[in-house]
Amino acid sequence: MNKKEFFALLECLVSGEKMEKHHWQSLLSLYVSDDESKELASMARSVCDKQFGRGVYVRGLVEISSYCKNNCYYCGLRCANKEASRYRLTKEQILTCCRQGAELGFNTFVLQGGEDPLQTNQFITDVVAAIHHEFPEKAITLSVGERSRDAYAAFRHAGAERYLLRHETASPSHYARLHPSAMSDAHRKQCLFTLKELGYQVGSGMMIGSPQQTLRHIAEDFVFLDELQPQMIGIGPFIPATGTPFATSSAGSARLTLFVLSLLRLRFPKALIPATTALATLLPDGMERGILAGANVVMPNLSPIDVRDKYSIYNNKKSSGSESAQSLQQLATRLGEIGYHIDYGRGDYPA
Ligand code: 5AD
Ligand code: SF4
């Protein structure tokens, strides 16, 4: 593709015009080029600056359970991984994490966990209600997997306003290579549309460089996201995890991840897009690179220190610990060095 064609496609991308899978694929194939990558990152960053300014939202992440009934082939928390250390937080422990987060100034909490059968729908509902009762102004985000419509409705009613559920890969055949047959892409997508119908701000996303993924699959992810129109989009490179069938597969490309992130920012200018832990695990300056490619959220970890290592989705997962005022100060300093600052606001999807 020559420069002219590249800019013509960028035009379509930015204007929101319909794009076919092969258009996305052509754009994606340019990630190998230094020039195009830089160009794209700087366009994405300026779109983000225009929409959000130089603030980066912080979300306090509480990892509520490392038990999971599912057996995704890529994830260290899969039920068949006998070497995984497991824990589940009690309602009181979760509330304690939120209180500490509130002390530190956080206005959003993200409760994330595996699909733990003992953290029932009723349990999650109770926890949300308790947090909402104590902190009625703060945004509660859930990320507890595929649940029934009734459960999602009960969580929403109790005070949860946002839900993260990555679609992982939009391609049915690729999905089937990453998951056992008990799981289906169709059900996952259905959950996302249900969440939207119930009035949640919805987050989806995919891993970059998961085994056997091609640019064609990522092109399908874009087509799906165009349809879903999520308010939040999380992407990170695949990283191998011990105790999984993909333990010896190679990690995804950080470069491609950043390129995809910039494309997402240009296509979804108002979206809340985090610089993810997976990116920071692969690159020492992954957070900064993510921000400079168009991300506008970071998710510091508020989980109790003694369980952090147990939430081991993949190897060497970095803990961006911000349990203390001191580490938040470090985050502020790092952002300051690239011209950004922490925004402690709720960071809702712009009207
Ligand atoms: N590498 C990178 N990301 C992973 N996830 C799960 N396993 C891995 C892995 N090995 C991501 C999935 C999931 C989120 C919680 O973590 O996208 O949705
Ligand atoms: Fe469970 Fe999520 Fe890991 Fe799959 S990716 S095994 S659903 S925690």
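The structure presented is a predicted model; accordingly, all values stated were derived computationally and were not measured.
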Indicate the ring-plane relationship of [X] and [Y], choosing parallel, tilted or perpendicular according to the 30° and 60° boundaries.
{"X": "His179", "Y": "Tyr175", "value": "parallel"}
{"X": "Phe155", "Y": "Tyr163", "value": "parallel"}
{"X": "Phe222", "Y": "Trp24", "value": "parallel"}

Nearest heavy atoms of [X] and [Y], plus distance in Å:
{"X": "Ser204", "Y": "Pro230", "value": "N-CB, 4.2 Å"}
{"X": "Gly60", "Y": "Leu302", "value": "CA-CD1, 3.4 Å"}
{"X": "Arg45", "Y": "Ile291", "value": "NH1-O, 2.9 Å"}
{"X": "His167", "Y": "Leu225", "value": "CE1-CD2, 3.9 Å"}
{"X": "Asp49", "Y": "Arg54", "value": "OD2-NH2, 3.2 Å"}

Before you tell me yes or no, could you show the steps for Tyr73 and Thr244 under side chain to side chain contact (heavy atoms under 4.5 Å, CB included), namely the whole-Å CA-CA distance, both residues' side-chain angles and the distance that decides it to 0.1 Å? CA-CA 6 Å; Tyr73 299 150; Thr244 70; over 6 Å; no

Taking atom [atom1] of [X] and atom [atom2] of [Y], what is their separation to the nearest 0.5 Å?
{"X": "Arg59", "Y": "Phe109", "atom1": "CZ", "atom2": "CZ", "value": "12.0 Å"}
{"X": "Tyr152", "Y": "Lys196", "atom1": "OH", "atom2": "NZ", "value": "15.0 Å"}
{"X": "Phe106", "Y": "Cys98", "atom1": "CZ", "atom2": "SG", "value": "11.0 Å"}
{"X": "Gln119", "Y": "Ile94", "atom1": "CD", "atom2": "CD1", "value": "5.5 Å"}

Looking only at the side chains, is there a donor atom on one of [X] and [Y] sitting less than 3.5 Å from an acceptor on the other?
{"X": "Ser26", "Y": "His23", "answer": "no"}
{"X": "Thr169", "Y": "His174", "answer": "yes"}
{"X": "Ser303", "Y": "Asn301", "answer": "yes"}

With clusters defined by side-chain heavy atoms of hydrophobic residues (ILVMFWY) lying less than 4.5 Å apart, directly or transitively, does Leu9 cluster with Phe259? yes

Verify same cluster id: Tyr74, Tyr67 (apolar side-chain graph, 4.5 Å): no

Residues Tyr57, Asp348; criterion side-chain hydrogen bond (donor to acceptor under 3.5 Å, both in side chains); working and verdict: CA-CA 10 Å; Tyr57 293 115; Asp348 283 294; over 6 Å; no

